[in-house]
Each structure stands twice: as C-alpha cells, then as structure tokens.
2 protein chains.
Amino acid sequence: MYRIGELAKACDINNDTLRFYEKNALLSPSSRSESGYRLYTEKDKDILQFILRAKNVGFTLAEIRELLSIEVNKADNACADVKELVDTKLSAVERKLAELTRFQTSLKRLSDACCGGEESAEHCTILEALESNTDDVRHEHHHD
Amino acid sequence: MYRIGELAKACDINNDTLRFYEKNALLSPSSRSESGYRLYTEKDKDILQFILRAKNVGFTLAEIRELLSIEVNKADNACADVKELVDTKLSAVERKLAELTRFQTSLKRLSDACCGGEESAEHCTILEALESNTDDVRHEHHHD
DNA sequence: CTTGACCTAGGACCTAGATCTAAGGTTTAT
DNA sequence: ATAAACCTTAGATCTAGGTCCTAGGTCAAG
C-alpha cells in the first residue's frame, strides 16, 4: 500500500496530480486509512503507469478514461459496442504509429547525413528529410 | 498562394490558430498582400501539416519549434549540436513507438477476444490485456 | 507532549494551446 | 456604391491539465 506521497514519488509526479486524477475519474485509491489518507495498491500503480504512458503518446485524459473503462462482458450484448470503441482506438493508434515511423525515418536520415555523411548537402532540414519520404507526392516531375 | 482562411480550411483548423502559430514562431506566411493579408505558399502548407502531425503524436509546440529549426550546415561545426538534438528527438520518437506498439498489441488482442473469441473471459480490460503483454514482469511466480 | 513530515478538503492560480471579440480596413459581386 | 465576405491588430476569454494555498488533522521520533 502506497500513501499518496509515496506513489507520486515512485512515478515522478505531483501529489496534486493524483488528487486531480481522482477528481476526474481516472484513478481512485483502492482504500483509505482510518484517518482518511489515500491508500494505493500495486494495481493502482499499474493503472497510473498506463495513464502516464498513454498521455505520453498523445491521448487526452478523456480518451484514457474511455480506454480504462473498456470491459469485455462476454455475457452481455454491449460487446459489440466495446469492440467498436476498441477498434476506433486501434485505428487512432495505428495512425499515430504511421506518423511516428515517418518521423523516425526522417530523423535517422538526418542523423546519418550529419557529421560525416557525404550527402549532407541534400538533406538539410527535417522538412526536406520528410519531403523525400512523402508518399503522397503531388504535382512533381511533370516535365515529360 | 493561400489566404489565411483558405489555408485554414484546407487543413481544417481555425484562422486564429494560424495567427497564433505565427506569433509563436512556428509558421509565418511567406509574404503579405498589398493590403497586409497573409499569403501562404505550398511550402508553408507542408510546414503546417508537419506541425499538425507532430502535435498529433504528442510533441509540444516548443518541441516542434526545435524540430523545425534543425538545419544541417555542412560548412559549420554546429553540426555536432544539430546531431545531438536530432538524436535526442529520435530517442523520444523511438520510445513513443515502443509504447504505441504495446497499445496496438493490447487493443488487437482485446478486439479479437471480443464478440466471438472463445477466450474473452481471459482478457477483459485494456489493463489485463496490457499486463499479459508486459515485459518487465516483477516478483511473480516465486513459489519454488 | 510537541516538533516536523505527512495528510485532508476546497478553492485559487498557472501554463499551453487555442478561440473569440471589438473596431475597423479590403475585395468581390451586384 | 454598397452589402457580404473576407482580412487586419490587440487583447480578452476558454479548455485541459495541472499546481499551489489555506486551514487544519495525523503520526513517528525525541
């Protein structure tokens, strides 16, 4: 069991952020001490880390709340609804993955061109690096 | 040449957002009309799209400003500095990629388990799906 | 039994990022 | 030549996501 300060320190966030997440229905401590102190379990910590990771890759707290609320209830026909939500989030993740992969390629190219690359004159900015990596090339090379 | 309203509409953002980006040194129109209207080129549009994509994958405007300022100057020994910045951003991108891949796996698993999967009872929440996907398993299976 | 580190609730305050308002100038179409 | 749709600047306002402040309660160590 962690008290608020312990969990906050372990995850390198502010105590108030934990209170804020509680108020905003993202993470509530599993219990309270006699005197009202918040008590968090290992599982609470896992949830917190999930929240922090999700935030880091660009999900809003509202989206994270949705992700956390996903429950496949096999006995329930809300299952189709759940699947729809999951698939929607999956598409969002896949779009982000595609963007990031593009950034990665460009930055690698830029890194390689820099300091020692013979072709450094070619790829001078992140934008040029990205352009040569573009797949929706339009109205270019139209000289026949 | 796009006027502010045209570019904004083309990229599905607000006119004011473009003025905001200009004030914050992210994107300035290449020129102005006689009467002072902002005039954006195709290249400006590319930069804008870069900004929007970067935002979408969780970069702050400050980080995006840094990315945009990257210039490999082959005649200059600031090159090492540039490489360092690029490599720092590359690490950030690769961390995000790893996180996203993890989300993707979990969401896929969840989607498959739902509506028709026979193992749906096993993977009921995004958290459980993630847990079984965790590679930093700690203090588990310690019964000898 | 008190000092210091911790906790409580409730509300004020802050930053980033964006959007809106006010007062007016420009362009295009009729 | 005048309305409608667009643009200008400057500054106020809004939302998300926190962070800080006040006034007080809790708890371990000396």
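Letters A, B, ... mirror the listed sequences (proteins, then strands); counts begin at 1.
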Quiz item: Rounded to the nearest Å, what distance is computed from the NZ atom of residue B:K9 to the C1' atom of nucleotide D:dA5?
Solution: 11 Å
Practice problem: Grab the two heavy atoms, one from A:K96 and one from A:G58, that are nearest each other, plus how far apart they are. | Solution: NZ-O, 3.5 Å
Quiz item: Counting side-chain heavy atoms from CB outward, which of D:dG25, C:dG17, D:dG17 is closest to A:Y37?
Solution: D:dG25
Quiz item: Can you tell me if A:Y2 and A:E42 form a side-chain donor-acceptor pair at under 3.5 Å?
Solution: yes
Which atom pairs, one a donor and one an acceptor, fall under 3.5 Å between side chains of residues 20-32 of chain A and the rest of the protein, sequence neighbours left out?
from: A:E22; atom 1: OE1; to: A:R38; atom 2: NE; distance (Å): 2.5
from: A:E22; atom 1: OE1; to: A:R38; atom 2: NH2; distance (Å): 3.4
from: A:E22; atom 1: OE2; to: A:R32; atom 2: NH2; distance (Å): 3.2
from: A:N24; atom 1: ND2; to: A:F20; atom 2: O; distance (Å): 2.8
from: A:S30; atom 1: OG; to: A:D44; atom 2: OD1; distance (Å): 3.1
from: A:S30; atom 1: OG; to: A:D44; atom 2: OD2; distance (Å): 2.9
from: A:R32; atom 1: NH1; to: A:G36; atom 2: O; distance (Å): 2.8

Quiz item: With a non-hydrogen cut-off below 4.0 angstrom, is A:S33 in contact with a base, only sugar-phosphate, or nothing?
Solution: nothing
Quiz prompt | Between C1' of C:dA9 and CD1 of A:I4, the distance in whole Å | solution = 12 Å
Practice problem: For D:dT8, take OP1 and OP2 only and decide whether either is under 4.0 Å from a side-chain N or O of B:R38. | Solution: yes
Self-check item: Validation row, ring centre B:F50 to ring centre B:F59 under 6.0 Å
Solution: no
Practice problem: Take the protein atom CG of B:N56 and the nucleotide atom P of C:dG17, then report the distance between them rounded to whole Å. | Solution: 14 Å
Exercise. Please list, by residue number, the residues of residues 10-27 of chain A whose heavy atoms come closer than 4.0 Å to an atom of DNA chain C; answer none if no residue qualifies.
Key: A:N15, A:R19
Quiz item: Could you give the CD-to-C1' distance, from B:E6 to D:dA5, as a whole number of Å?
Solution: 12 Å
Quiz item: Could you give the CZ-to-P distance, from B:R3 to C:dG25, as a whole number of Å?
Solution: 18 Å
Quiz prompt | Gap between atoms CD and P, on A:E63 and D:dA16 respectively (whole Å) | solution = 12 Å
Practice problem: Give the minimum heavy-atom separation between B:I64 and B:I51, together with the two atoms involved. | Solution: CD1-O, 3.7 Å
Practice problem: Let me know, please, whether A:G5 or B:E34 comes out on the 5' side of the other along DNA chain C by nearest nucleotide. | Solution: A:G5
Self-check item: Spacing between A:L61 atom CG and C:dG17 atom P, to the nearest angstrom
Solution: 15 Å
Quiz item: Distance check: side-chain N/O of A:S35 vs OP1/OP2 of C:dT8, anything under 4.0 Å?
Solution: no
Exercise. Consider the side chain of A:R32, meaning its heavy atoms from C-beta on, and name the nucleotide among C:dA9, D:dG17, D:dT9 that approaches it most closely.
Key: C:dA9
Quiz prompt | The single option from A:E94, A:E84, A:E66 passing side-chain hydrogen bond (donor to acceptor under 3.5 Å, both in side chains) against A:K89 | solution = A:E66
Self-check item: Interatomic distance where CG belongs to B:L39 and P belongs to D:dC7 [whole Å]
Solution: 10 Å
Quiz item: Going by an N to O cut-off under 4.0 Å, is there a salt bridge joining A:D16 and A:R19?
Solution: yes
